[in-house]
Amino acid sequence: MQGLAVVLFPVLLMLFALAMERVEFRLSRLTVREQEVQEFLEEANNAEVAALAKQTMPEALARFQRRRTRGVGQRRSSRGPLSARKAS
């Protein structure tokens, strides 16, 4: 019985390591750069922040980028501080 454990343990460990490598690779493709997150937080409107809360960052970032490509985006400084926008 111990001989079987000695043989199976390294094989199972290698299979687990290979599976984790595949998971890590998939997760690395889904990441968002820090610069994109900072830009999103500076310029996102309420709908985009709501999308971030309900969905994932890549989906909310895609929505944000679609808005920017349409030319609708304005700087936060031109709309006033965040606290003033929430109060109204």
Side-chain angles (χ1 to χ4, degrees):
M1 192 62 149
Q2 290 176 343
L4 185 61
V6 168
V7 172
L8 286 180
F9 181 74
V11 173
L12 292 175
L13 187 61
M14 287 189 334
L15 290 175
F16 179 74
L18 289 173
M20 289 298 104
E21 184 178 357
R22 291 187 70 170
V23 169
E24 181 183 8
F25 176 73
R26 288 181 181 170
L27 289 175
S28 68
R29 288 189 330 192
L30 297 175
T31 59
V32 179
R33 293 189 323 243
E34 182 180 349
Q35 178 185 2
E36 291 174 324
V37 174
Q38 288 176 352
E39 185 177 346
F40 177 84
L41 293 175
E42 289 174 358
E43 299 182 16
N45 63 25
N46 289 339
E48 292 158 351
V49 173
L52 174 63
K54 291 182 181 177
Q55 301 167 355
T56 62
M57 183 63 187
E59 292 176 35
L61 186 60
R63 187 174 178 164
F64 170 69
Q65 289 172 342
R66 283 193 303 270
R67 179 178 64 90
R68 289 193 65 199
T69 58
R70 287 192 309 247
V72 179
Q74 295 178 342
R75 286 251 178 243
R76 175 180 284 181
S77 60
S78 65
R79 294 184 293 187
L82 181 62
S83 59
R85 287 189 300 165
K86 284 187 177 182
S88 56

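As a basis for the values below, the full set of heavy atoms in this structure was taken, side chains included, without hydrogen atoms, waters or symmetry mates.
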Measuring from Leu8:CG to Leu13:CG, what's the distance to the nearest 0.5 Å?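 Those atoms lie 12.0 Å apart.
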
Would you find more than 12 non-hydrogen atoms of other residues, nucleotides or ligands less than 6.0 Å from Gln38 atom CD?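 Check passes, neighbour count above 12.
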
Ignoring hydrogens, what is the shortest heavy-atom contact between Glu43 and Arg67? Give both atom names and the distance.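 That closest heavy-atom pairing would be O-NH2, 2.8 Å.
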
Taking all non-hydrogen atoms of both residues into account, name the closest pair between Ala5 and Pro10 and its distance.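 Heavy atoms only, the tightest pair is O-CD, 4.4 Å.
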
Do you reckon Leu12 sits in the same ILVMFWY cluster as Val7, going by side-chain contacts under 4.5 Å, direct or chained?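 Cluster IDs for Leu12 and Val7 differ.
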
